[in-house]
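On a predicted model such as this, the values are computed, not experimentally measured, just so you know. Below, chains carry the letters A, B, ... as their sequence lines are ordered, and counting in each starts from 1.
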2 protein chains.
Amino acid sequence: MNAMTQDNLRSAFAGESQAHMRYRIWADKADKDGFPTVARLFRATSDAEQIHATFHFNALRDIVGSFLVASGGGFGLGSTSQNLQGAIDGEMHEVTQMYPAYIAVAQLQGEKEAENAMKYAVAAEKVHAELYTKAKEYVDQGKDLDAKVVKLCPVCGYITITGEEDKCPLCGASIDKFIEY
Amino acid sequence: MNAMTQDNLRSAFAGESQAHMRYRIWADKADKDGFPTVARLFRATSDAEQIHATFHFNALRDIVGSFLVASGGGFGLGSTSQNLQGAIDGEMHEVTQMYPAYIAVAQLQGEKEAENAMKYAVAAEKVHAELYTKAKEYVDQGKDLDAKVVKLCPVCGYITITGEEDKCPLCGASIDKFIEY
Ligand SMILES: [Fe+2]
Ligand SMILES: [Fe+2]
Ligand SMILES: [Fe+2]
Ligand SMILES: [Fe+2]
Ligand SMILES: [Fe+2]
Ligand SMILES: [Fe+2]
């Protein structure tokens, strides 16, 4: 695999791993702040980031060893409104900056598995950003997120809060396979 | 908080978050390779790294924003024996290099919470390295790890495979609080 695509996949793995962890911590804070549905959204999204991290790690399966990895990460443990803003900022960075740049390099280098892994991820991040934006609107009015369900596509990391889909609009997985939070 | 201690805590958070993720992936591989007790050890250790990551994230609670983070990470998805070697190498890097350096800086800078978070972590990493070394000895003979239990201290990330302790030798938590895998 080309060196730049390797670097980008390692950076994306590190970024997804940190997002997974950060969302678990922010989920606990949302529960403490009295927003249990926001907590469910954080936990579902945490597991979505695990799916993406696993894609990237698998694409790198044959490149064994220790590496110094540079990755972007959001920090701070504030109110749930502040934490949601941090989550929106992180997802939007991935949607508008990180993944488009990494996908362009993978295309340039003909790295098909890396390109596919990152295209799956960025499509889901866009949905994550939208759902966190909606959650913040509720929380800023002192209310918990209004969601019929919180369900995760275990294939690609798509999340629904209506449950109205028959199948995942991103990857086609059946709604019966979705995980409920 | 002093800038160098901040950088070190962010790096340690990123490293622990990646270890947490990597061990989950390697746990699934251990199950596939027919080593279910090694898989339990990987999962318990994955959750131990979540405890450490959460310490570091909490110590950084007031420093809000996005940062570029440099951290060390192991990659590669090979046989369970190879993955265990990767885990040993990562834990030993933390025990002999990363945490001693970061703790020395925290002491120099009088950063008590950071120092404590990293001292808790490094004590547990030493145990993780020992248990992974034992697991690899079994796997290299074609056998699964022989463990009476696989139990995690939910306070500090210590792991026992005998269950003979009354309390955690690192933090004093009662064995009744330990989580079984
Ligand atoms: Fe993601
Ligand atoms: Fe996301
Ligand atoms: Fe999907
Ligand atoms: Fe750790
Ligand atoms: Fe460890
Ligand atoms: Fe402990």
Same cluster (ILVMFWY, side-chain, under 4.5 Å), Ile51(A) and Val95(A) |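 Hydrophobic grouping puts Ile51(A) apart from Val95(A).
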Out of Gly90(B), Gly76(B), Gly72(B), Gly86(B), which one racks up the most heavy-atom pairs below 4.5 Å with chain A?
->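 Looking at each of Gly90(B), Gly76(B), Gly72(B), Gly86(B) in turn, Gly76(B) comes out on top.
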Which of Ile63(B), Asn58(B), Leu77(B), Val69(B) touches chain A most, by non-hydrogen pairs under 4.5 Å =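 Option with the top pair count is Val69(B).
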Heavy-atom distances under 4.5 Å only: say whether Phe57(A) touches chain B with side chain, backbone, both or neither.
->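 Contact with chain B: side chain only.
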Do the ring planes of Phe42(B) and Tyr132(B) sit parallel (below 30°), tilted (30 to 60°) or perpendicular (above 60°)?
->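 Plane angle between 30° and 60°, so tilted.
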Polar side-chain atom of Gln82(B) near backbone of Ser79(B) as donor-acceptor pair, under 3.5 Å |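 Side chain of Gln82(B) to backbone of Ser79(B): a pair is present.
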For His128(A) and Glu49(A), test the side chains for any donor-to-acceptor distance below 3.5 angstrom and give the result as yes or no.
->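 Yes, side-chain donor-acceptor contact under 3.5 Å.
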Reference residue Tyr120(A); test ring pair (Phe, Tyr, Trp, His ring centres under 6.0 Å); the match among Phe55(A), Tyr99(A), Tyr158(A) =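 Going through the options one by one, the only one that passes is Phe55(A).
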Closest approach of Cys156(A) and His52(A), non-hydrogen atoms and distance?
->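 Looks like O-NE2, 2.9 Å.
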Criterion salt bridge (charged side-chain N to carboxylate O under 4.0 Å, His left out) on Glu137(B) and Lys134(B), from CA distance to verdict = CA-CA 5 Å; Glu137(B) 287 166 12; Lys134(B) 179 167 284 202; over 6 Å; no
Does anything in residues 4-41 of chain B get under 4.5 Å of chain A by heavy atoms, and if so which residues?
->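 If one takes a 4.5 Å heavy-atom cut-off, the residues of residues 4-41 of chain B near chain A are Arg10(B), Phe13(B), Ala14(B), Ser17(B), Gln18(B), His20(B), Met21(B), Arg22(B), Arg24(B), Ile25(B), Trp26(B).
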